[in-house]
Amino acid sequence: MIGARVGNLPDFGLLAEYGFYLVVYLWVAGCIYAAFRLLWLAFVDGAASPLRLFLNSFWQLLSDRRRIANSVNGLVAIMAFVSGFAVLKGAIALLAPFSWDQAFAQFSVGLHFGRPTYQWVWWIIESPQAVRFLNLCYNLWFVVLLSAIFSNVAAARDSLLRHQFLLSFMLLWLIGGFGIALIFSSAGPCYYARLGLGDLYQPLMDALQSANQQYPIWALSLQDRLWGGYQGLPSGSMGISAFPSMHVASAVLIALHATRLSARLGILMWIFAALIMLGSVVLGWHYAIDGYAGALIALAIWKITGAALSRAHAGTVTISEGLSDLGAPLIRLRPQPDHGLAMADGAYPREIICGQMDQEGRSSAKDGSESL
């Protein structure tokens, strides 16, 4: 409806280009994983037939009915959401022309002791190798995001943690990526001069152009492509929106989720989120305030979603001590969370013990537990 009103459709050429590189990334990653797994089975586990074990585990993965059911439901929901959001994102600048860039630029300067944020990391910007590395990390964000989505969509267990991540992901992009972005419509430092607002960020863009002469800085060509879409040159547009930074917001969301799964994975993802924050400034995509706001919005949505899911699940079971002699379920807490699949708010999963109490108050039935 919004797309029809503003006459905007996604840039399908850019989507096709992203899709091609995604397939390449996933193919390379799959080959690396397969080689690593085969070597592990052969030399660490000492398997007699590493290839057969690898293929058997792959077949078990594909034949898991619960995983397939979760994958189908999750993929349909995510694909419908992403398709709709692509239209909404492209409509932001049309519904609300850029009007907050000067305010965000001035606020960022004041927040960083009277200097533009990029000047504090000029020693990084002066190094073409460092700029190239940050640009690579910024591009890998797309692969990391899709990996996080698909790993949750295709999870075998329909846990609260899975629900928390997927629901937080959609709320984050809908509220932050469209609602807040529409209210505080801004383009970002890379378009500051093109909007006729001055040359505050021109030294940064000149440094990036200089680095581009030694190594390809893909951000520059993409910025030109998006600006062309904004001006209506191609047939569609992917949209321009700086506040809040959804790259930083989603990277923080992934880090929050990864921390619940594994401490080591969490540390790795927090480092990645920090690199995305740094890259958003160095590559001229965002004012620093965009990243700070994105991180806070992601944290707030993650916490609120977790609390709401935990409360909803807690409300599905009513405990009545007076019904224990009638065979009502008994509730107890497990001493340890089940491999990161605890309640969304961090509490331990409940365990239902189905059975009746004898006259001495002891459970006489077999333990039949179910995580809620």
Side-chain angles (χ1 to χ4, degrees), residues 88-89 92-93 95-125 131 134-135 137-138 141 145 168 171-205 207-208 219 222-223 226-227 230 238-256 270-304:
L88 295 177
K89 175 69 181 293
I92 290 176
L95 295 173
F98 305 127
S99 58
W100 282 86
D101 282 271
Q102 281 187 309
F104 288 144
Q106 294 172 3
F107 185 83
S108 294
V109 169
L111 189 63
H112 296 89
F113 308 101
R115 297 171 61 184
T117 314
Y118 71 85
Q119 291 185 5
W120 290 102
V121 291
W122 189 257
W123 56 277
I124 296 177
I125 298 172
V131 174
L134 289 174
N135 198 171
C137 292
Y138 217 75
W141 165 88
L145 178 65
S168 296
L171 287 175
L172 178 63
W173 284 85
L174 185 61
I175 295 174
F178 179 70
I180 297 177
L182 185 65
I183 297 173
F184 300 99
S185 180
S186 57
C190 58
Y191 303 118
Y192 202 80
R194 302 190 198 195
L195 292 172
L197 300 178
D199 59 357
L200 180 62
Y201 293 93
Q202 195 58 45
L204 170 63
M205 303 311 298
L208 293 178
L222 181 56
Q223 289 164 2
L226 293 177
W227 184 255
Y230 169 68
M238 296 303 296
I240 296 174
S241 176
F243 184 91
S245 170
M246 296 309 297
H247 273 74
V248 174
S250 53
V252 168
L253 181 66
I254 294 171
L256 289 167
W270 280 113
I271 293 174
F272 182 75
L275 289 173
I276 294 300
M277 175 66 205
L278 180 60
S280 70
V281 172
V282 169
L283 297 172
W285 286 112
H286 292 284
Y287 310 103
I289 189 63
D290 300 341
Y292 302 154
L296 291 176
I297 293 170
L299 179 61
I301 289 178
W302 174 259
K303 291 293 185 181
I304 294 172

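The model shown is predicted, which means the values in this text are computed figures rather than measured ones. Quick note: residue numbers are just sequence positions, from 1.
Contacts of Y292 classified as side-chain hydrogen bond (donor to acceptor under 3.5 Å, both in side chains), with partners at least two apart in sequence or in another chain: H112. With sequence neighbours left out, the side-chain contact (heavy atoms from CB on, under 4.5 Å) criterion links S241 to K89, I92, A181. For Q119, the side-chain contact (heavy atoms from CB on, under 4.5 Å) partners are R115, P116, not counting sequence neighbours. Applying the side-chain hydrogen bond (donor to acceptor under 3.5 Å, both in side chains) rule to W122 yields the partners E126; only residues at least two apart in sequence or on another chain are considered. For A187, the side-chain contact (heavy atoms from CB on, under 4.5 Å) criterion is met by F98, D101, Y191, L195, I240, not counting sequence neighbours.
Of the inter-residue distances, the one linking Y138 atom OH with W141 atom CH2 reads 8.0 Å to the nearest 0.5 angstrom. Interatomic distance, CG of L145 versus CD1 of I254, reported as 5.0 Å (0.5 Å rounding). In this structure, the separation between CD1 on I301 and CD1 on I175 is 4.5 Å, given to the nearest 0.5 Å. Taken from CG in L95 to CG in L182, the straight-line distance is 6.0 Å, to the nearest 0.5 Å. For the atom pair CG of L174 and CD1 of I180, the computed distance is 10.5 Å after rounding to the nearest 0.5 Å. Between the CG atom in L253 and the OG atom in S168 there is a gap of 5.5 Å [rounded to 0.5 Å].
Heavy atoms only, all atoms of each residue included: A193 and Q202 are closest at CB-OE1, 3.7 Å. Of all non-hydrogen atoms in L208 and L283, the two that sit nearest each other are CD1-O, 3.5 Å. The nearest pair of heavy atoms linking A249 to G294 is CB-O, 3.3 Å. Closest of all the heavy-atom pairs between P244 and G176 is CD-O, 3.2 Å.
Contact annotation: the side chain of L222 approaches that of W285 to within less than 4.5 Å [non-hydrogen atoms, C-beta and beyond]. Taking 4.5 Å as the limit, every side-chain heavy atom of P203 sits out of range of all side-chain heavy atoms of M205. Within the 4.5 Å cutoff, side-chain heavy atoms of I124 are placed close to those of L134. Side-chain contact between Y118 and V282 is absent, with no heavy-atom pair separated by less than 4.5 Å. With a 4.5 Å cut-off on side-chain heavy atoms, S280 and H247 do not count as touching. D290 places none of its side-chain heavy atoms less than 4.5 Å from the side chain of V248.
The aromatic ring centres of Y287 and F243 sit 6.0 Å or more apart. Within the 6.0 Å centre-distance limit, the rings of W227 and Y230 are counted as a close aromatic pair.
Sequence neighbours left out, not one pair with a member in residues 173-188 passes side chain to side chain donor-acceptor pair (under 3.5 Å).
A donor-acceptor pair under 3.5 Å links the side-chain atoms of W100 to the main chain of I183, judged by distance alone.
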